[in-house]
There are 2 protein chains.
Amino acid sequence: MATIRDVAKLAGVSVATISRYLNKSGYVNVETEQKIKKAIEALNYEPNAVARGLAGKKTNTIALILPDISNPFFPELARAVEDVASMYGYTVILCNSDDEGVKEKSYIEVLKKKYIDGIIFASNTLDSADVEQMTKKGIPVVCLDRVPPKQSCSVVRSKNREGAKLAVEHLLGMGCRKIAHIYGPQEFITAKERLAGYEESVKHLDWYSPTFMIQGDFRIEGGIRATELLMERHPDVDAIFAGNDLMAVGALKALHRMGVQVPGQVAVCGFDGIGMTEITQPELTTVAQPIYEMGALVSRILIKKIEGTLEADQTYELDVALVPRESTLRRNGHESS
Amino acid sequence: MATIRDVAKLAGVSVATISRYLNKSGYVNVETEQKIKKAIEALNYEPNAVARGLAGKKTNTIALILPDISNPFFPELARAVEDVASMYGYTVILCNSDDEGVKEKSYIEVLKKKYIDGIIFASNTLDSADVEQMTKKGIPVVCLDRVPPKQSCSVVRSKNREGAKLAVEHLLGMGCRKIAHIYGPQEFITAKERLAGYEESVKHLDWYSPTFMIQGDFRIEGGIRATELLMERHPDVDAIFAGNDLMAVGALKALHRMGVQVPGQVAVCGFDGIGMTEITQPELTTVAQPIYEMGALVSRILIKKIEGTLEADQTYELDVALVPRESTLRRNGHESS
DNA sequence: CAAGTATGTGGTACCGGTTACACATACAAT
DNA sequence: ATTGTATGTGTAACCGGTACCACATACTTG
């Protein structure tokens with residue numbers, strides 16, 4: 001591998017000139033430029049990114065810390081992040097935290113040592129102190145969907161509360177009368193907000209009772225168990241709004257096992273808009289987040305922060321959209337109990 | 001951030017000694033060791049990975065090049081790769097090639113400049129010349145499921161041909177009489193081998209005809225179209241073996257739309273064992289590859305190659321297993337045509 | 001007692017870039 | 001003629017480590 005000094009020698013100029021040429025910083029004579037071009041060509045020279053990183057403290061690398069890439073929500077997000085990053089010349093490091101603080105911290109340690117340019121957090125646990133510490137040290141951070149208590153970094157999120165309301169309204173519009181909610185772990189702000197949105201939408205209804213709200217775990221298994229519990233407790237529910245799609249899938253599975261017709265007897269609505277919702281039978285109505293857009297946005301924001309094009313930290317709230325599918329399809333408003 | 005020179009000064013020794021201490025290379029007196037420890041503690045010193053990379057040409061970073069992380073086969077794989085990598089102190093860079101040679105090459109360029117320690121290819125296009133060129137330059141490469149023509153690197157794959165036979169035998173055992181196959185793009189060796197396995201298993205049967213083999217695209221959409229075509233051409237098939245799970249899902253969808261009962265009228269079997277197979281209705285029988293194990297293995301092999309613990313390139317063939325589920329469940333052997 | 005070996009440490013070149021600064025020249029404005 | 005500004009280039013320190021080599025001691029061993 002040729003080095004910048006080889007190029008300098010061959011072109012008959014100094015390394016400084018080569019460097020200026022490469023980075024388009026400072027003056028370079030047109031003729032000199034030609035000579036340099038030829039030399040680079042001849043030597044097949046490629047500047048060494050590590051040396052650049054050391055000298056310039058910039059590695060063109062960002063990290064994406066998420067709970068688990070095998071969670072179906074994240075692949076699309078990761079794809080978006082990487083697409084945008086590579087468009088801007090950045091490389092993406094993947095980290096699975098399992099939502100464990102210890103793992104997150106240890107990743108951060110390593111990433112700092114590697115002069116990573118910035119971090120995207122789609123993982124939960126770290127508090128605003130951690131984030132502040134990062135930004136203090138000059139490492140830009142952008143959070144996704146999980147807000148540190150005090151606003152200490154840019155955040156991209158979507159309208160969970162509104163989404164939950166959309167879901168409830170849709171179900172009501174479909175003629176459902178008793179709508180239960182399976183909510184996710186309350187450490188997750190998304191779970192909390194969706195629950196809040198649900199509660200707000202239904203608390204004024206005459207059938208309302210806290211017993212219609214059941215805890216799940218944001219995974220299929222938890223959706224199954226919650227549904228079993230729910231149907232035992234309230235055989236009269238005619239709709240389930242799950243806090244995410246995985247639990248909705250669980251609900252579908254559980255109902256199917258119990259021989260309950262979906263949407264005939266019970267309608268089911270999820271949240272997130274992951275691809276899975278299109279392959280269930282019946283296909284799942286869901287409140288879709290613009291997952292790809294979120295990833296692309298979060299990536300773009302991070303890069304802007306890195307490159308100094310972005311001033312203040314900001315929160316970006318993206319719209320969600322109800323995607324009506326078969327799992328909530330009812331002919332008219334009067335099939336319920 | 002403290003540097004090694006700061007530590008040296010505080011501990012009253014030279015940087016060489018600090019370096020020896022850090023890397024456990026060469027002698028360090030026990031007392032000196034104590035002093036160094038204290039100094040490191042006091043300064044909160046963390047060795048700079050980039051500087052190390054430059055000096056030692058080792059970055060403790062590997063790259064995973066795959067077609068698309070949003071393809072449901074890959075998240076689990078990526079997770080396994082990253083788990084093992086992080087266990088050994090390596091960091092993983094994610095690259096989506098979309099199976100396009102241009103993108104692959106451009107990733108490789110960047111990765112080389114970054115002194116990446118090794119690459120895992122789960123992407124298709126590059127030929128053995130490319131791979132050889134890499135290994136010549138000292139960058140270890142391990143391929144997954146996609147074999148370069150000439151063995152020029154270690155390969156992890158699974159028994160596609162045998163898997164296809166398992167599938168056919170299973171379907172025959174379930175009493176199916178006319179088994180069709182939707183095969184994937186023949187650029188993929190996996191598609192080719194599965195098709196070959198199918199053909200071998202059925203060609204001696206009296207109903208055998210090439211018209212039972214239909215091209216798909218390894219995605220849901222292609223599975224749907226292939227199934228439509230197939231059912232039109234052969235309304236008498238009673239089983240579909242799809243070359244991967246996504247196409248099997250497509251088959252399921254298409255059959256459902258046509259009002260064909262699964263498994264009653266047509267049994268469906270997939271290949272891969274992705275999570276999706278458990279959420280379809282009916283749940284999908286599939287020939288499962290040990291996806292996580294494959295990822296873990298490929299990662300472990302790469303790291304061994306990097307660290308020189310591994311001598312010769314080798315091909316690892318992993319077993320597949322038929323996972324019988326509802327989509328092929330038939331009471332007895334005589335429901336067919 | 002001389003030579004050999006294990007232990008312990010420091011000096012410094014090097015990895016391959018970036019960049020501050022000094023210096024040189026050309027041309028325009030005062 | 002003098003000052004100023006834009007253009008163009010080179011020297012060398014620096015980023016923060018690694019590692020080769022020289023050198024100093026302390027014990028063995030023949």
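Every chain is numbered from 1 and lettered A, B, ... according to where its sequence line falls, protein lines coming before strand lines.
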Is there a donor in the side chain of [X] and an acceptor in the side chain of [Y], or the other way round, less than 3.5 Å apart?
X        : Y        : value
B:Ser70  : A:Glu76  : no
B:Gln314 : B:Ser154 : no
A:Tyr292 : A:Asp83  : yes

What is the separation between atom [atom1] on [X] and atom [atom2] on [N], rounded to the nearest whole Å?
X        : N      : atom1 : atom2 : result
B:Lys114 : C:dC15 : NZ    : C1'   : 18 Å
B:Leu54  : D:dG17 : CG    : C1'   : 8 Å
A:Asn23  : C:dG16 : CG    : P     : 17 Å
A:Lys24  : C:dG17 : NZ    : P     : 16 Å
B:Arg5   : D:dC15 : CZ    : P     : 8 Å
A:Lys58  : C:dG17 : NZ    : C1'   : 15 Å
A:Ile18  : D:dG10 : CD1   : C1'   : 12 Å
A:Ile4   : D:dA12 : CD1   : P     : 17 Å

inquiry  = With a 3.5 Å cut-off and heavy atoms only, can you find an N or O donor on one side and an acceptor on the other between the side chain of B:Arg52 and the base of D:dG16?
reply    =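 No such pair is found, so the answer is no.
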message = Please determine whether any donor N or O and acceptor N or O are separated by less than 3.5 Å between the side chain of B:Arg20 and the base of C:dG8.
response =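 Such a pair does not exist between side chain and base.
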ask   = Which value, rounded to the nearest 0.5 Å, describes the distance between B:Ile65 atom CD1 and B:Phe121 atom CZ?
value =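 Answer for the CD1-CZ pair, B:Ile65 versus B:Phe121, is 4.0 Å.
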task = Please round to the nearest 0.5 Å and tell me the distance separating atom NZ of A:Lys114 and atom CG of B:Asn48.
result =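 Taking NZ in A:Lys114 and CG in B:Asn48, the distance rounds to 11.5 Å.
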task = Identify, between A:Pro47 and B:Val30, the residue whose nearest nucleotide on DNA chain C lies closer to the 5' end.
result =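 The 5'-side residue here is B:Val30.
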task = Take A:Ala16 and A:Val50, find for each the nucleotide of DNA chain C with the closest heavy atom, and name the residue whose nucleotide sits nearer the 5' end.
result =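 Taking each residue's closest nucleotide, the earlier one in sequence belongs to A:Val50.
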Taking 4.0 Å as the cut-off, does a side-chain nitrogen or oxygen of [X] come that near to OP1 or OP2 on [N]?
X        : N      : result
B:Thr32  : C:dT9  : yes
B:Tyr27  : C:dG8  : no
A:Ser14  : D:dG10 : yes
A:Ser19  : C:dT18 : yes
B:Lys113 : C:dG17 : no

Closest approach to the side chain of [X], judged atom by atom: which nucleotide of [options] is it?
X       : options                : answer
A:Thr17 : D:dG17, C:dG16, D:dG10 : D:dG10
B:Asn29 : D:dT9, C:dT7, C:dT9    : C:dT9
B:Val13 : D:dT18, C:dG10, C:dG16 : C:dG10
B:Val15 : C:dT18, C:dT9, D:dT18  : D:dT18

Contact class for [X] vs. all strands (heavy atom < 4.0 Å): base, sugar-phosphate, or nothing?
X        : result
A:Val28  : sugar-phosphate
A:Ser25  : nothing
B:Tyr115 : sugar-phosphate
A:Tyr45  : sugar-phosphate
A:Glu46  : sugar-phosphate
B:Glu31  : nothing

ask   = What are the two closest non-hydrogen atoms of B:Leu54 and A:Ala51, and how far apart are they?
value =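 Looks like CD1-CB, 3.8 Å.
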ask   = With side chains defined as the heavy atoms from C-beta onward, is the minimum distance between A:Lys58 and A:Asp117 less than 4.5 Å?
value =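 In contact.
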